[in-house]
Structure formats: C-alpha cells, structure tokens
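Read through the structure below, which is laid out as structure tokens, and then see the notes.
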Amino acid sequence: MDELVRYGKEKNVGLILWITFRGIQDDFDDDSFNLFEHFSGMGIKGFKIDFMDRNDQGIVNFYERAAAEAARYHMLVELHGSYKPTGLEYRYPNVLSYEGVRGMEGHGNCIPDNSVYLPFMRNVTGPMSFTPGSMLNVQPENYRQGLAPNLVMIGTRVHHIAYYILFESGLQMIADSPRQFDQNPDCRDFIFSTPVTWDETRALTAEAGQYAIVAKRHGDKWWTGGITNNAEKVREFDVRLDFLPQGRTFRLTSFEDGPNADRQAMDYNIRRQEVKRGDVLHVTMARNGGWAATIE
C-alpha cells in the first residue's frame, strides 16, 4: 500500500479505499486502533464505505460518526450501499456522494427507461453514485444478462457519455477498464474533462420519464447533455443557446448518436462548429440515446 501511495503521488493521483461498513464499525468498537488515523497517515485520501443496506437509527448515527471522523483526518467519504441523501453533506462537505439508486451495478436492470427519471427525482435530493462509464453499449434486444464478461450496458454510447453531465456526484466513477478507455480516446477525453461541481445549471427541455436536456457551466465553459428513453422513433429537438454571453463566439464539440445507433448502440458522430448566443442547434437522439457537448 505504501508503494501504491508513493506511485500515485508521482502521477498526481490520490488513492481511495473501498471498505465494508462492518470494517469501519468494528474499528469504532476497538479503542486500541483508529483506522482513519492510520490510513490518513499513510496518505490515503478517503473511503468508499459499502453494504450498510438499511436506514435504521443505528445506521443514521453511523453515517454521521463516519463523516465526522473522516473530516477530523481530512478524508473524503462516499456512502455506497446507502439510502438516499438527507442533507448530511451540508454539515460534512467531505461526504461527496451516496448510492441510493439503481445504477449501473444493476447491469440489465439499469435501463434508460428508468434512468431518465433520475434527474427529476433521485438527483434532486443530492449527489448520486450511479457508477457510469461503459464503453460497450447495446440496445435492449441485444443484451443477454449474465453472458457478457465485460461491462456491457443498455443505451447508446452517447447516452452513457451524457450521464456525466446530467447526473451530479462529487465523486464520479469511470466504471469500465483502462483498456476500453484507451481504445476510445475521444470519448475518454470528453468524460475525463467533465467537472464534478457546477456554477450554473439550465434545464433546456425535459419531460419526466421521456427525455431531459440540460446545460451546465463550470467557470467560463459549458457542458450540455441529453438522454432519452426507449422511444418508438428518433427524438428531435431545437435547442436555443440563449444561455451564452452576448457578443462572443464559442467553439462547440458535440457527441451525437450515429445513423445506426438505434441498432448498433456504439455508433456515434462528433460535430464541431462555431456558435453564439441565440443560435439554434438541431439535436436528434436515437431510442435509448443521448447527446453531449462542450461549448467554450
């Protein structure tokens, strides 16, 4: 572990440890050893705590104790296997995210028809660990539960890229293998550039359970993203760029569902163009599709 921490520092990468709830709880019951002090001293930056799987008073108390102890040692926390957020992150900003959602760990049960509701419901309550990041994408009729050795997920490639813009989390995941990201450098670079904090959010067009398109600003750069459900036909939208500052020209780079995405979900195109305030973008999304863009 010491060597991993040392190597991470060389690459400007901090290490976070996944740990079971019981491992933390046992430490709280043992006065002779402080797990947070030990790993903080080693250079570990935080914990992803898992498998609480309930919401009784004992677990509620555990959340606060874990958050406070982590804050004491300047460590971050993600609460996986958890109930939905109830505001603890406002008292302890080192709590970056919670699961409390049927995310991509649900594999075939995580479908766009369900996920498209999340910006309207689950994410309203607070940050959400959805664990996005699949580079192997299929339409539902091509998915076979339990037969895929890799992270094959339902929805188009652009649908999955857009999750990083629509779904808010202080600690985003990149859930596929390093090799998959290296083989898809344009998608990788877009995903890796997406912030986890936002200065401004605009809802451009949306209908609960059907589709959602948003624009989010971080500094002077905008990200726009959209997702749709298993619609019977291609959805088309005219998105007006009224949120851009007046009198400036911007460069837009957009990832769009390709012409075959309704059958071959990994099909996508990249478009680059100059835009300004008031311009209208014609956006099309295949079934279970998406749209994702930067404007800078």
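Worth knowing before you read on, the calculation uses all heavy atoms, side chains too, and leaves out hydrogens, waters and symmetry mates. All values derive from a computational prediction rather than experimental measurement.
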How long is the gap from CZ on R251 to NZ on K221, to the nearest 0.5 Å?
8.0 Å
Indicate yes or no for a side-chain donor-acceptor contact from N184 to the backbone of C187 under 3.5 Å, with no hydrogens or angles considered.
no
D53: what forms a side-chain hydrogen bond (donor to acceptor under 3.5 Å, both in side chains) with it, not counting sequence neighbours?
none
Examine distances only and state if a side-chain atom of R277 and a backbone atom of D242 form a donor-acceptor pair shorter than 3.5 Å.
yes
Any pair counted as ring pair (Phe, Tyr, Trp, His ring centres under 6.0 Å), so long as it reaches residues 69-94, sequence neighbours left out
Y63-Y83
Under a 3.5 Å distance rule, please check whether T228 uses its side chain to pair with a backbone N or O of R287 as donor and acceptor.
no
Please say whether more than 12 non-hydrogen atoms of neighbouring residues, nucleotides or ligands are located less than 6.0 Å from CZ in R217.
yes
For the pair N230 (side chain) and D113 (backbone), establish whether a donor and an acceptor sit closer than 3.5 Å, ignoring hydrogens and angles.
no
W223 and W198 aromatic ring geometry - parallel, tilted or perpendicular at 30°/60° bounds
perpendicular
Linking Ile, Leu, Val, Met, Phe, Trp and Tyr by side-chain heavy atoms under 4.5 Å, what else ends up with V124?
none
Taking every non-hydrogen atom, the tightest pair across P127 and G170
CB-N, 4.2 Å
Minimal heavy-atom distance between M75 and S40, with the atoms involved, is SD-CB, 3.7 Å
Can you name the residues that form a side-chain hydrogen bond (donor to acceptor under 3.5 Å, both in side chains) with N229, not counting sequence neighbours?
Q210, R235
Salt bridge or not for E200 and R202, using N-O below 4.0 Å?
yes
Let's go through I270 and F190 carefully: what are the C-alpha distance in whole Å and the side-chain angles of both, what is the deciding distance for side-chain contact (heavy atoms from CB on, under 4.5 Å) to 0.1 Å, and is it a yes or a no?
CA-CA 11 Å; I270 298 177; F190 184 96; over 6 Å; no
Suppose clustering is done on Ile, Leu, Val, Met, Phe, Trp and Tyr with side-chain heavy atoms closer than 4.5 Å. Which residues sit in the same group as V239?
L204, Y211, I213, W222, F237, L241, F243, L244, F250, L252, V275, L281, V283, M285, W291, I295
Carefully, step by step, assess E256 and T284 under the rule side-chain hydrogen bond (donor to acceptor under 3.5 Å, both in side chains).
CA-CA 8 Å; E256 305 173 354; T284 62; 5.8 Å; no
Checking the side chain of D56 only, and the main-chain atoms of I59 only, is there a donor and an acceptor separated by less than 3.5 Å?
yes
In short, ring pair (Phe, Tyr, Trp, His ring centres under 6.0 Å) pairs touching residues 105-127 with sequence neighbours left out are none
Strictly distance-based, threshold 3.5 Å: is any side-chain N or O of R240 a donor or acceptor partner for the main-chain N or O of G278?
yes
Hey, are Q246 and R248 close enough side-chain-wise for a donor-acceptor pair under 3.5 Å?
no
Do N288 and Q139 have a side chain donor and acceptor closer than 3.5 Å?
yes
Any ion pair linking E168 and K216 (charged N to carboxylate O, less than 4.0 Å)?
yes
According to side-chain hydrogen bond (donor to acceptor under 3.5 Å, both in side chains), who are the partners of N137, at least two apart in sequence or on a separate chain?
R157
I need the full list of ring pair (Phe, Tyr, Trp, His ring centres under 6.0 Å) pairs touching residues 160-179, with sequence neighbours left out, sorted by first then second residue.
F130-Y163, F130-F167, H159-Y163, H160-Y163, Y163-F167
Residues pairing under salt bridge (Lys or Arg N to Asp or Glu O under 4.0 Å) where one sits in residues 171-187, two or more places apart or in two chains, turn out to be D182-R188
Under 3.5 Å, side chain of R122 to main-chain N/O of E99, donor-acceptor pair present?
yes
Closer than 3.5 angstrom, by distance alone: can the side chain of S134 be matched with the main-chain N or O of L151 as a donor-acceptor pair?
yes
Is it the case that S169 and S97 place a side-chain donor and acceptor less than 3.5 Å from each other?
yes
Those residues at least two apart in sequence (or on a different chain) that pass salt bridge (charged side-chain N to carboxylate O under 4.0 Å, His left out) with R91 are E64
Which residues share a side-chain hydrogen bond (donor to acceptor under 3.5 Å, both in side chains) with N114, sequence neighbours left out:
none
So with a 6.0 Å cut-off around CE of M42, is the heavy-atom count from everything else above 12?
yes
Just by distance, do the side chain of N123 and the backbone of G126 share a donor-acceptor pair under 3.5 Å?
yes
Ignoring hydrogens and angles, tell me if any N or O in the side chain of Y143 forms a donor-acceptor pair with the backbone of G108 under 3.5 Å.
yes
N/O donor to acceptor pairs below 3.5 angstrom from side-chain atoms of residues 10-22, sequence neighbours left out:
from : atom 1 : to  : atom 2 : distance (Å)
E10  : OE2    : R6  : NH1    : 2.5
W18  : NE1    : D50 : OD2    : 3.0
T20  : OG1    : G23 : N      : 3.2

Can you find a pair of side-chain heavy atoms, one from V138 and one from M153, that are under 4.5 Å apart?
no
Heavy-atom pair with the smallest gap, counting every atom of A292 and I165
CB-CD1, 4.0 Å
Using a 6.0 Å cut-off, check whether atom CG of D31 has over 12 heavy atoms from anything other than its own residue.
no
